[in-house]
Amino acid sequence: MFKHYTMNQVVLPLDLEIKLKENDIAFAIHDLVESIPEEAFEDFVRQTGRPAYHPRMMLKIILCGYTQSAFSGRKIEALLQDSIRMMWLAQGHEPSYRTINRFRSNPLIENILRECFVQFRNQLVEKELIEEEAIFIDGTKIEANANKFTFVWRKSVEKYSDKLIEKSHQLYDELLEKEIIPAIEREKAEELSVKEMEEVVEKLDEKIEEYNKAIEASEVGSERKKLRSERKLPKQSRKQLMNFITRKQKYQNDMEIFGNRNSYSKTDPDATFIRMKDDYMKNGQLKAGYNVQIATEGQYVLAYDVFPNPTDTRTLIPFLDLIEENFFELPEHIVADAGYGSEQNYEDVIENRNRTPLITYNQYRKEKKKKHKNNAFHVDNWDYKEDEDTFLCPNGRKVRFSHHSKRTDRYGFTREFKVYECEDCSGCPLRDLCTKAKEGNNRTVYMNEKWEAQKEYVRTKLSDEKTGEIYGKRKIDVEPVFGFLKANLGFTRFSVRGKQKVKNELAFALMAVNLRKNAVMDGKIVAEDEKNTKKVPSKFFIAWNLFNLLFLASCVPASSNTSDSKESFYKQEMYYLHHS
């Protein structure tokens with residue numbers, strides 16, 4: 001016996017919502033997008049031209065596509081024809097992949113995506129899924145949509161630029177020495193600017209034109225040959241200068257693209273070449289990519305940003321500024337790993353933001369080990385006399401305060417040091433173990449009092465029971481999100497180019513991670529409730545079964561079309577309907 005099946009039977013059109021499970025991710029996407037205020041979509045309104053697809057619908061289908069690991073416009077277009085949840089979200093519309101790609105790369109979508117994260121966080125707060133006592137910050141490197149061997153290195157550009165300056169200067173001096181052109185006004189004696197080189201080219205054009213007229217006027221062959229020979233140098237110099245102008249403009253453009261970076265990709269100039277863990281070349285080569293920063297709580301991404309620099313230290317302050325400006329107010333505790341520990345970051349979080357940084361520093365783990373504590377030659381283990389402001393080295397000699405010193409890094413941050421110098425290292429039997437200073441020089445110690453106070457503050461906070469417990473959640477809160485993103489969702493490479501488009505695509509991917517996790521959590525809650533509650537058939541389910549009842553009754557064979565058989569048939573169907 002088989003269940004009734006026929007391809008020739010007419011089936012009533014159904015609302016696709018009925019086909020979705022109660023905790024389907026499509027409902028979470030729908031609720032999230034519908035919670036965005038109408039004002040956020042005002043920039044998409046156009047009074048002329050063909051009516052556009054509603055941005056709410058476009059946002060829903062793209063988010064749904066990303067939750068299904070469909071990151072290309074063509075795959076999302078295909079899902080609109082195959083997936084029931086996509087059909088329900090689109091409500092019969094089928095935008096092309098070009099429309100989908102244009103929408104998700106639109107600069108206006110950035111504000112709507114930020115609003116998505118704000119509304120999602122509000123939902124988490126209402127459901128009490130996050131406690132709002134801390135945010136956990138971490139970063140990862142994701143490969144850019146750029147060719148592998150399109151790198152441009154800052155050092156190479158600087159080297160060739162210096163050679164170009166030297167050659168152009170030599171050429172200019174040669175032209176002056178041979179009195180081919182007159183001297184021009186220069187801004188810098190050691191370098192010719194593009195404008196100055198163009199002026200030299202104009203002078204050479206005038207000189208070449210003079211030779212051309214003289215050659216045409218001359219009727220003596222030997223004289224014409226001599227003029228052509230003299231014209232050769234100005235023509236070659238002009239050609240060389242035109243090449244210098246093109247190269248100098250290119251080098252200047254390269255330096256503008258670099259900014260504070262050391263490299264960029266020709267395919268995606270906003271991407272930087274970074275050493276990544278997943279190296280398919282297996283030889284440690286660099287790949288074009290972006291440094292992705294996220295802030296999480298409860299394994300949900302609450303804020304995000306994209307940076308071109310490979311290290312995390314310089315990203316914390318601008319990332320916190322972005323969170324405060326566009327996402328939410330910072331909680332009491334800022335939690336991050338040792339990659340974010342620096343004097344500037346501690347100063348910003350403690351003094352400027354009045355928050356508690358639960359951020360370790362590079363030597364935090366090392367200082368807790370027995371090997372470090374037993375190292376007699378480390379200044380941390382030396383005796384200090386506060387009244388004399390001196391240290392005692394392992395040989396018992398005094399290391400006295402010498403002078404103050406300041407160091408300013410290339411980003412403009414200044415650190416202040418107190419410099420101590422040993423009274424006499426000559427003849428010390430421990431000299432080779434204590435210092436690498438040249439013979440005749442004494443050991444010097446640089447002490448940053450502010451940095452030492454900050455480290456002591458962090459050690460105290462991490463030793464406290466409450467704050468130490470919060471820091472202990474870091475590894476199980478923020479790091480699994482990158483696993484969800486790369487391993488579960490399969491998002492390991494950007495499919496768009498340019499920082500702004502990359503940032504928008506990252507927002508779609510991270511929100512997809514949030515929605516998938518939220519749908520799973522809601523499914524667990526529903527499953528738990530189903531254990532304790534009896535299922536009640538919906539109105540549609542009852543109506544549909546009544547329709548089947550009438551349809552099947554009409555299909556009863558004529559041979560059995562008696563009052564007894566019909567009554568028995570109806571009793572069986574009503575019993576099934578009642579108990580279903």
Side-chain angles (χ1 to χ4, degrees), residues 16-17 19-21 24-30 32-33 44 52-110 112-113 116-117 120 140 142-148 267-268 271 278 280 287-290 292 301 304 306 481-520:
L16 293 174
E17 182 179 354
K19 290 288 187 178
L20 301 177
K21 294 182 180 179
D24 194 274
I25 196 170
F27 295 121
I29 296 171
H30 171 73
L32 175 64
V33 176
F44 286 88
Y53 292 110
H54 201 289
R56 288 190 192 273
M57 184 271 292
M58 296 296 297
L59 188 60
K60 289 177 184 178
I61 63 172
I62 295 176
L63 280 174
C64 188
Y66 272 75
T67 60
Q68 310 306 308
S69 299
F71 308 128
S72 73
R74 292 181 184 273
K75 289 183 179 179
I76 296 174
E77 181 187 23
L79 284 177
L80 284 168
Q81 301 172 358
D82 299 335
S83 171
I84 293 177
R85 60 170 61 95
M86 290 285 277
M87 294 177 185
W88 176 68
L89 290 172
Q91 289 295 299
H93 296 292
E94 293 185 0
S96 68
Y97 72 91
R98 293 187 181 89
T99 305
I100 294 169
N101 289 337
R102 279 198 300 267
F103 180 82
R104 65 174 175 174
S105 61
N106 192 330
L108 298 176
I109 198 66
E110 181 183 6
I112 296 179
L113 289 170
C116 270
F117 279 84
F120 185 78
T140 188
I142 297 181
E143 188 178 353
N145 182 14
N147 296 341
K148 302 180 186 67
T267 312
D268 183 0
D278 50 331
Y280 48 76
K287 293 189 288 187
Y290 291 91
V292 172
V301 181
Y304 62 93
V306 173
V481 175
F482 294 131
F484 301 154
L485 178 67
K486 295 182 178 181
N488 295 355
L489 198 66
F491 189 85
T492 58
R493 190 173 189 263
F494 290 109
S495 58
V496 292
R497 296 173 180 174
K499 184 179 178 180
Q500 186 56 58
K501 294 180 181 179
V502 162
K503 193 173 180 180
N504 290 347
E505 185 178 30
L506 175 68
F508 279 116
L510 293 175
M511 183 51 68
V513 171
N514 285 344
L515 290 167
R516 285 178 60 156
K517 178 178 174 58
N518 196 37
V520 170

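In this chain, residues are counted from 1 in sequence order.
- At least one side-chain heavy atom of Phe508 sits under 4.5 Å from a side-chain heavy atom of Ile109.
- Residues meeting the side chain to side chain contact (heavy atoms under 4.5 Å, CB included) test with Ala271, sequence neighbours left out: Ala144, Asp268, Ala288, Tyr290.
- By the side chain to side chain contact (heavy atoms under 4.5 Å, CB included) test, Leu108 is found to be paired with Asp43, Phe44, Arg46, Asn106, residues two or more places apart in sequence or in another chain being considered.
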Please tabulate, for side-chain N and O atoms in residues 70-80, each donor-acceptor pair with protein atoms closer than 3.5 Å (sequence neighbours left out).
{"from": "Ser72", "atom 1": "OG", "to": "Lys75", "atom 2": "N", "distance (Å)": "3.2"}
{"from": "Arg74", "atom 1": "NH2", "to": "Tyr97", "atom 2": "OH", "distance (Å)": "3.0"}

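- Taking Glu94 as the reference, Gln81 meet the side chain to side chain contact (heavy atoms under 4.5 Å, CB included) condition, with sequence neighbours excluded.
- At a threshold of 4.5 Å between non-hydrogen side-chain atoms, the residues Met57 and Leu89 do not count as touching.
- Summarising the geometry, atom CG belonging to Leu510 is positioned 12.0 Å from atom SG belonging to Cys116; distances are rounded to the nearest 0.5 Å.
- Rounded to the nearest 0.5 angstrom, Tyr66 OH and Ile29 CD1 are separated by 13.0 Å.
- For the ring pair (Phe, Tyr, Trp, His ring centres under 6.0 Å) test, no residue two or more places apart in sequence or in another chain qualifies with His54.
- We find the NZ-CG distance between Lys517 and Asn488 to be 11.0 Å, quoted to the nearest 0.5 Å.
- Taking all atoms of both residues into account, the shortest heavy-atom contact from Arg85 to Ala26 is CB-CB, 3.8 Å.
- Proximity of a side-chain donor or acceptor of Asn514 to a complementary backbone N or O of Val301 within less than 3.5 Å is detected.
- By the salt bridge (charged side-chain N to carboxylate O under 4.0 Å, His left out) test, Arg516 is found to be paired with no residue, residues two or more places apart in sequence or in another chain being considered.
- Note on ring orientation: taking the six-membered ring where Trp is involved, the planes of His93 and Tyr53 are perpendicular (angle over 60°, cut-offs 30° and 60°).
- Inter-residue side-chain proximity for Leu63 and Met511 is flagged as met; some heavy-atom pair is nearer than 4.5 Å.
- Heavy atoms only, all atoms of each residue included: Ile61 and Pro95 are closest at CD1-CG, 3.7 Å.
- Here the straight-line distance linking atom CG of Asn147 with atom OG1 of Thr267 works out to 4.0 Å at 0.5 Å rounding.
- Contacts classified as salt bridge (Lys or Arg N to Asp or Glu O under 4.0 Å) and involving residues 488-501 (residues at least two apart or in different chains) are given here: Glu143-Arg493.
- From Met86, atom CE reaches atom CD1 of Ile62 across 9.0 Å, with rounding to the nearest 0.5 Å.
- In terms of heavy-atom proximity, Thr492 sits nearest to Ile142 at O-CG2, 3.8 Å.
- Residues that satisfy the salt bridge (charged side-chain N to carboxylate O under 4.0 Å, His left out) test with Arg104, not counting sequence neighbours, are absent from this structure.
- Between the side chain of Gln68 and the backbone N or O of Gly65, no donor-acceptor pair lies under 3.5 Å.
- Side-chain contact between Val502 and Val496 is present, with at least one heavy-atom pair separated by less than 4.5 Å.
- Judged by distance alone, the side chain of Ser69 and the main-chain N or O of Leu489 form a donor-acceptor pair under 3.5 Å.
- Listed by first and then second residue, the salt bridge (Lys or Arg N to Asp or Glu O under 4.0 Å) pairs that reach into residues 53-67 are Glu34-Lys60, Glu38-Arg56, sequence neighbours excluded.
- Taking every heavy atom of both residues into account, Phe27 and Lys21 meet most closely at CE1-O, 3.0 Å.
- For the ring pair (Phe, Tyr, Trp, His ring centres under 6.0 Å) test, residues two or more places apart in sequence or in another chain that qualify with Tyr304 are Phe117, Phe327.
- Residues passing the salt bridge (charged side-chain N to carboxylate O under 4.0 Å, His left out) test with Lys503, sequence neighbours excluded: Glu110, Asp305.
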Requested in this report: Would you check, one step at a time, whether the test side chain to side chain contact (heavy atoms under 4.5 Å, CB included) holds for Phe120 with Asn518?
Outcome: CA-CA 10 Å; Phe120 185 78; Asn518 196 37; 4.1 Å; yes

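- Between Phe494 and Leu506 there is a side-chain heavy-atom pair separated by less than 4.5 Å.
- When all heavy atoms of Ala509 and Leu485 are compared, the pair lying nearest together is CB-CD1, 3.8 Å.
- Taking the salt bridge (charged side-chain N to carboxylate O under 4.0 Å, His left out) definition, one finds that Arg102 meets it with nothing, sequence neighbours left out.
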